[in-house]
S.K.: 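I am attaching a structure below and will ask some questions about it afterwards.
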There are 2 protein chains.
Amino acid sequence: MKISINKLKENIRNAGLRVTPQRLAVLEAVNMLGNHPTVEHLLQQLHKRHPGIATGTVYKVLDTLVAHQLISRVKTDHEVTRYDGIMDHHHHVYHQGSDKITDYQDQELDILLQEYFRKHAIPGFCIREVRLQIIGESIEDERNTNDTFPK
Amino acid sequence: MKISINKLKENIRNAGLRVTPQRLAVLEAVNMLGNHPTVEHLLQQLHKRHPGIATGTVYKVLDTLVAHQLISRVKTDHEVTRYDGIMDHHHHVYHQGSDKITDYQDQELDILLQEYFRKHAIPGFCIREVRLQIIGESIEDERNTNDTFPK
DNA sequence: GTGGTTGCAAACCCTTTGCACGGCA
DNA sequence: TGCCGTGCAAAGGGTTTGCAACCAC
């Protein structure tokens, strides 16, 4: 899951952006921190190795990276904005009771949804994307993995 | 879609809450405005008939109503919080380019998802709810008389 | 009566903005 | 060198908070 600095540089350049230390640092931090960091997480991480970086700059860089699809934004109800370094299409699993958000990806599911919406088109509406928010909680007991779906 | 004041009162009381004019007014406004109002929308509406109601109170009342499951919160990336008076399980359709959010409800879809996740349980995770965010845009077509999805 | 609610305004927090300076291409 | 990008600090805007007064039960 770790991407080399050179690969990140290339990604920035390929997006048509100038490669700056700040952009590189933010992009690296989003990828390194992994679990959908908040801006606070990112600032904390960034200040270790780039003490000079300004908060406003981090916000601007994040906006730029999102606009150029190098990262994406994630948000649930009543939460601050988080960021995601993985740009492949995927869904999100929200762990109630902890601040964890994990990714969920399955082609079979996406095909299922695609089929469904092909048959059940919404009149006057063109679907760009269908995202799932899978909400629930982690189970302490490892044996108990195969159950329960909301009624 | 319109619910009587008495029914709303009853809902508040059944939730174990005191029935106050403010709670009644906010709950009524959420239901009356329908299309996932923001706090701003609600305040505008409320000031017409309840000029005295305080902004802070509206926020507190909304929190209370959400906590007691009389309404729910809706949010997408980069948006302010909105509220929903419909508590039945349903999904949301986000209309890019306008601030419209409509509801989507279909039992066949829910059964499909239920089946899917029964077969593809997430290890160590108990699913409470699966929400779809259907993102796309309205098609501008004057021939299309019923271009919005039925609420 | 009395404990839950409200009104009010200040505080808060995350985020955005404006502008002069700095550094990438 | 030209222009995009950054640092900084102040402003913005939605939301929360603290507390005295109020009122639903």
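Here is how names work: the chains are called A, B, and so on, in the same order as the sequence lines, proteins then strands, and each is numbered from 1. Just so you know, these numbers use all the heavy atoms, side chains as well, and skip hydrogens, waters and symmetry mates.
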S.K.: Is it the case that the side chain of B:His68 and the backbone of B:Leu65 share a donor-acceptor pair, with hydrogens and angles ignored and the cut-off at 3.5 Å?
M.R.: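 No, B:His68 side chain to B:Leu65 backbone: no donor-acceptor pair under 3.5 Å.
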
S.K.: Is a donor-acceptor contact shorter than 3.5 angstrom present between the side chain of A:Lys60 and the base of D:dG7?
M.R.: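 Answer is yes: a donor-acceptor pair is held.
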
S.K.: So that I can tick it off, tell me whether A:Arg49 and A:Glu28 are bridged by a salt bridge, with the cut-off set at under 4.0 angstrom between side-chain N and carboxylate O.
M.R.: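 Counted as a salt bridge, because a side-chain N and a carboxylate O are separated by less than 4.0 Å.
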
S.K.: Salt bridge or not for A:Arg118 and A:Glu115, using N-O below 4.0 Å?
M.R.: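 A:Glu115 and A:Arg118: salt-bridged.
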
S.K.: Can you say whether the rings of A:Tyr116 and A:His120 are parallel (under 30°), tilted (30 to 60°) or perpendicular (over 60°)?
M.R.: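 Aromatic pair A:Tyr116/A:His120 classed parallel.
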
S.K.: Has B:Thr55 got a side-chain N or O lying under 4.0 Å from the OP1 or OP2 atom of C:dC8?
M.R.: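 Result: no.
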
S.K.: So, does A:Gln22 get its side chain near the phosphate of C:dC24, meaning an N or O under 4.0 Å from OP1 or OP2?
M.R.: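 Indeed not, no polar side-chain atom of A:Gln22 lies that close.
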
S.K.: Mind calculating the distance between NE2 (A:His41) and C1' (C:dT15) to the nearest angstrom?
M.R.: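 Interatomic distance, NE2 of A:His41 to C1' of C:dT15: 17 Å.
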
S.K.: Please give, in whole Å, the distance from D:dT15 P to B:Asp63 CG?
M.R.: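 It is 10 Å, rounded to the nearest whole Å.
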
S.K.: When the distance from CG of B:Leu17 to C1' of C:dT5 is rounded to whole Å, what number comes out?
M.R.: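 The answer, rounded to whole Å, is 11 Å.
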
S.K.: Expressed as a whole number of angstroms, how long is the span from A:Glu40:CD to C:dC13:C1'?
M.R.: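 The distance from CD of A:Glu40 to C1' of C:dC13 comes to 10 Å, rounded to the nearest Å.
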
S.K.: I want to check one thing: is the phosphate of D:dC23, taken as OP1 and OP2, less than 4.0 Å away from some side-chain N or O of B:Arg18?
M.R.: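 Result: no.
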
S.K.: Would you say a side-chain N or O of A:Thr20 is under 4.0 Å from OP1 or OP2 of C:dC24?
M.R.: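 Checking C:dC24 against A:Thr20, no side-chain N or O comes under 4.0 Å of OP1 or OP2.
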
S.K.: Expressed in angstrom and rounded to an integer, what is the separation of B:Ile12 atom CD1 from D:dC25 atom C1'?
M.R.: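 Distance, rounded to whole Å: 15 Å.
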
S.K.: Using a cut-off of less than 4.0 Å, is there contact between a side-chain N or O of B:Tyr59 and OP1 or OP2 of D:dT15?
M.R.: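 Answer yes for this pair, as a side-chain N or O of B:Tyr59 is under 4.0 Å from OP1 or OP2.
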
